Engineer: 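First the structure, then my questions, so here it is.
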2 protein chains.
Amino acid sequence: MYEHNTKIKKLIKDKNIKLTTARVAILEILEKAKKPLSYEDIKVDISMDKATFYRNIAKFEKEDMINSFESNDKKRYFELKKEPHAHFICMECNSIQCIKNIDITLPNYEIYNVTINGKCPDCQI
Amino acid sequence: MYEHNTKIKKLIKDKNIKLTTARVAILEILEKAKKPLSYEDIKVDISMDKATFYRNIAKFEKEDMINSFESNDKKRYFELKKEPHAHFICMECNSIQCIKNIDITLPNYEIYNVTINGKCPDCQI
DNA sequence: CTATTAAATGCGACTAAGTTGCAATTGAAT
DNA sequence: ATTCAATTGCAACTTAGTCGCATTTAATAG
Ligand SMILES: [Mn+2]
Ligand SMILES: [Mn+2]
Ligand SMILES: [Zn+2]
Ligand SMILES: [Zn+2]
C-alpha cells in the first residue's frame, strides 16, 4: 500500500463510486498535467487496459468530474473539471492550450466547451 | 450533358484544377446545404467512392475552397468557405448551427475556426 | 476476519471514419 | 484523334474507441 493522493481519493469518494487503483491512477495523471491529455498521452504511465481507461473516463464524465473534447488529430482529450474555459488547438504542431481569458455566451444555448483551431504563436512563419 | 451549375464550374476552373463530375457533385451539394455536412450526410446523394470523396475534400481544403472541423460524433464536417464564423454543435441532438454573430480574437494567434459544444435551444429540458 | 455480491477489470474481437496502393479511366492540351 | 498526368474505383488497411464475457476486486454485512 502506497501513500495515495488523498485529494484524488476524496474526489472519488465524494461521488459515491468505487475507489479503484485504475481511477486513482487516471485522476492523478490528469491532475498533474496542466493541459488536457489523450489516452495516447497517458498510456505509457498507466498499466490498465484501454477498455478500462475509456470506461472510467465515461464514468468520470457522467459524474461531471472531467470534461473532454475532440481535437483535430481524431483523438479525444480529457482534463479535470475546473472553471470553464476554452481550448486552443494548433493545427501545425497539435499543441493544446487552455485559454482562460475569453468567454462566450449565446442566448438560449447552454455552452459546455469551446475549441479554437488555428496557428499558435510558435508556429507563425 | 446536363446544364451544370456554372458558378460551381467557375469555382473549380479558377483554381486551375481539373473539372470533374465528382468535384462538381460535391461542391453542388455543399453549396445547396445551409450548414456543414459530413461524408455520411452526403453519400446517399453521390455515386463516387469514399476515397474519391475524401481525396477531393483534401484538394478543396488545400485550395482553400472549403473549411472543415471535427464534430463530437467523430465525423468531419465540411462547408464552402464563406466569411469566417463559429459553429455550435449540440451534444444532445448532434445538430450543427452556423453562428455568425460572435467573433473571437487572440493576440498572436491565427484563428481558423471555432466550435462551441453544448445544448441547443430545442434540447433544453 | 470471512463471506457475499455488485461493480470494475482484462482480454480479444469488433466497429467505423478515414487512408493508401494500384490498375483503369478521364479530361485538358496538342 | 493522340497523349499523358491527374483522377477514379476498388480492396485492403489503419486506428481510436467500443463491447461481450469470464475473472477479479472493493465495499458491506455478519
Ligand atoms: Mn483546459
Ligand atoms: Mn457554417
Ligand atoms: Zn503550434
Ligand atoms: Zn439539440
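Throughout, a chain's letter reflects where its sequence line sits, starting with A, and its residues are numbered from 1. Given the structure is predicted, the values throughout are model-derived calculations rather than measurements.
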Engineer: Let me check something: do B:Leu11 and B:Ile29 share a hydrophobic cluster, defined by ILVMFWY side-chain heavy atoms less than 4.5 Å apart, either directly or through other members?
Structural biologist: yes

Engineer: Rounded to the nearest 0.5 Å, how far does CZ of B:Phe69 lie from CG of A:Asn117?
Structural biologist: 10.0 Å

Engineer: Atom NZ of B:Lys13 and atom P of C:dA28: how far apart are they, to the nearest Å?
Structural biologist: 5 Å

Engineer: Is a side-chain donor-acceptor pair under 3.5 Å present for B:Asp73 with B:Asn94?
Structural biologist: no

Engineer: Do B:Glu40 and B:Tyr77 have side-chain N/O donor and acceptor atoms under 3.5 Å apart?
Structural biologist: no

Engineer: Quick one: which of D:dG17, D:dT7, D:dA16 gets closest to the side chain of B:Arg23?
Structural biologist: D:dT7

Engineer: With no hydrogens and no angle check, just 3.5 Å: does a side-chain donor-acceptor pair link B:Thr52 and B:Asp49?
Structural biologist: no

Engineer: Which ones in residues 46-54 of chain A lie close to DNA chain C, meaning a heavy atom under 4.0 Å from one of its atoms?
Structural biologist: A:Met48, A:Asp49, A:Ala51, A:Thr52

Engineer: Classify the nucleic acid contact of B:Lys59 as base, sugar-phosphate or nothing, counting any heavy atom under 4.0 Å across all strands shown.
Structural biologist: sugar-phosphate

Engineer: Can a donor-acceptor pair be found between the side chains of A:Glu70 and B:Ser71 at a distance below 3.5 Å?
Structural biologist: no

Engineer: Would you say the side-chain atoms of B:Gln124 and A:Asn108 include a donor-acceptor pair closer than 3.5 Å?
Structural biologist: no

Engineer: So if I take residues 63-81 of chain B and measure heavy-atom distances to DNA chain C, which residues fall below 4.0 Å?
Structural biologist: B:Lys74, B:Lys75, B:Arg76

Engineer: What closest approach, in Å, do B:Lys18 and B:Ile12 show between heavy atoms, and which atom pair accounts for it?
Structural biologist: O-CG2, 3.7 Å

Engineer: Return the angle between end axes of the helix from C:dC1-D:dG30 to C:dT30-D:dA1, with five pairs used per end and rounding to 10°.
Structural biologist: 30°

Engineer: Taking only N and O in the side chain of B:Thr20, is any of them less than 4.0 Å away from OP1 or OP2 of D:dT8?
Structural biologist: yes

Engineer: If you count the non-hydrogen atoms of other residues, nucleotides and ligands that lie under 6.0 Å from NZ in B:Lys74, is the total more than 12?
Structural biologist: yes

Engineer: With distance as the sole criterion, do the side chain of A:Arg55 and the base of C:dG10 form a donor-acceptor contact below 3.5 Å?
Structural biologist: yes

Engineer: Under a 4.0 Å N-O cut-off, is there an ion pair linking A:Lys100 with A:Glu83?
Structural biologist: yes

